[in-house]
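The structure appears below as structure tokens.
Keep in mind that the numbers below use all heavy atoms, side chains included, and drop hydrogens, waters and symmetry copies. Note on naming: letters A, B, ... go to the chains in the order of the sequence lines (proteins, then strands), and numbering restarts at 1 for each one.
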There are 2 protein chains.
Amino acid sequence: MANQQTHLDQIFAALADPTRRAIVMRLCAGEASVGELADPFDMALPSFMKHIRVLQTSGLVLSEKSGRVRTCRLSPDALLGAEDWFQQQRAIWEARLDRFEAYVMKLKKERAGVKRPSRTTKRKGSE
Amino acid sequence: MANQQTHLDQIFAALADPTRRAIVMRLCAGEASVGELADPFDMALPSFMKHIRVLQTSGLVLSEKSGRVRTCRLSPDALLGAEDWFQQQRAIWEARLDRFEAYVMKLKKERAGVKRPSRTTKRKGSE
DNA sequence: CCTATAGTTAGCTACATGGCTAACCAACAA
DNA sequence: TTGTTGGTTAGCCATGTAGCTAACTATAGG
């Protein structure tokens, strides 16, 4: 058993590889066997299987074997989990932006009250 | 220089490390100097700087030096870019789910209509 | 049974990554 | 000027990762 990685660590690490992202994208369109998945890639099967393994341990992909065929499918929950992280960060970020904008507004008003109003802010087109 | 990595590769790779995610989270709350950022981590500065570097080359973080202080801030665009990827995948996934649901619905209806002598096409040998 | 197919295991190499120390440079501060 | 602070460069080491080949297992088909 390996390292004590957060689930999120594993998911992002899994998605950091273009091959694995391609696999995920492919699986978004529906489940597929290992062979089918491997086909478009110019890579030896064992190498490819490692990627599948990484995706599995990250929780992004599930698979089960019936007969000699292993069928893989996406675990939507894992994807959503990662997406959540972004949305949380964005929420924090945007809250701060709001506060910042409010602050700039306040400055603007104050400055307008003092002397001649110079070109105060160079904002990149919010509002 | 090294490898030809997609921007997305770099972003996900950057976010795969808990230290770097923490930095990003911290920067969501506002810009900070390298020293301030490094403070909560029990890590030598050079090691820490490597993380900053990774974040910078991924485009997630921008920084500029004034005097002897380097101030870092988040580049919201990069974060959004990665978030987009998830949303695209989710869109594809959900479209598929919809089609699947439609298919199930159709099956259901057909099955309900069995008493009527309709010529239902057989699908994949279930029934 | 015999062969082909679909994965799997084992083991190797090359390179990337994450951490360290030591030494260095460039502002400030006294 | 001299010392201190904030960051940077250089170089080392241990571990992890991505790829390969070769050889093996197990099912499907004839």
Could you give me the stems involving DNA chain C, meaning stretches of three or more consecutive Watson-Crick or G-U wobble pairs whose two defining distances are both below 3.5 Å?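 Stems found: C:1-30 with D:1-30.
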Checking [X] now: which residues fulfil salt bridge (charged side-chain N to carboxylate O under 4.0 Å, His left out) with it, not counting sequence neighbours?
X     : answer
A:R68 : none
B:R96 : none
B:E31 : none
A:R26 : none

Interatomic distance where [atom1] belongs to [X] and [atom2] belongs to [N] [whole Å]:
X     : N      : atom1 : atom2 : value
B:Q10 : C:dA16 : CD    : P     : 13 Å
B:L37 : D:dG6  : CG    : P     : 14 Å
B:L15 : C:dG18 : CG    : C1'   : 17 Å
B:K65 : D:dT5  : NZ    : P     : 17 Å
B:E36 : D:dG7  : CD    : C1'   : 14 Å

Write out all pairs satisfying ring-ring contact (aromatic ring centres under 6.0 Å, His included) with one or both partners inside residues 13-43 of chain A, taking only residues at least two apart or from two chains.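 For residues 13-43 of chain A: A:F41-A:F48.
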Where do [X] and [Y] come nearest, in terms of heavy atoms and distance?
X     : Y     : value
A:I23 : A:L55 : CG2-CD1, 3.6 Å
B:C72 : B:V34 : SG-CG2, 4.1 Å
A:L27 : A:A32 : CD2-N, 4.0 Å
B:L8  : B:A82 : CD1-CA, 4.1 Å

Please work out which residues in residues 41-62 of chain A have a non-hydrogen atom less than 4.0 Å from an atom of DNA chain D and list them by number.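 When residues 41-62 of chain A is checked for heavy atoms under 4.0 Å from DNA chain D, the hits, listed by number, are A:M43, A:A44, A:P46, A:S47, A:K50, A:H51.
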If we ignore hydrogens and angles and just use 3.5 Å, is the side chain of B:R21 paired with the main-chain N or O of B:L15 as donor and acceptor?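 Yes.
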Strictly below 4.0 Å, heavy-atom distances to any atom of DNA chain C: list the hits from residues 17-32 of chain A, or just say none.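 Per residue number, the list is empty: none.
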Suppose the criterion is salt bridge (charged side-chain N to carboxylate O under 4.0 Å, His left out): which pairs have a residue in residues 78-95 of chain B, not counting sequence neighbours?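 The answer is A:E83-B:R90, A:R90-B:E83, B:R90-B:E94.
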Only pairs at least two apart or in different chains count here, so list each side chain to side chain donor-acceptor pair (under 3.5 Å) that has a residue in residues 34-60 of chain A.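 Residue pairs passing side chain to side chain donor-acceptor pair (under 3.5 Å), neighbours aside: A:R20-A:H51, A:Q56-A:S63.
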According to ring-ring contact (aromatic ring centres under 6.0 Å, His included), who are the partners of B:W85, at least two apart in sequence or on a separate chain?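 Counting only residues at least two positions away or on another chain, B:W85 forms a ring-ring contact (aromatic ring centres under 6.0 Å, His included) with B:F12.
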Output one line per pair: protein atom, nucleotide atom from nucleotides 27-30 of chain C, and distance, for all N/O pairs under 3.5 Å.
from	atom 1	to	atom 2	distance (Å)
C:dA27	N3	B:R68	NH1	3.3

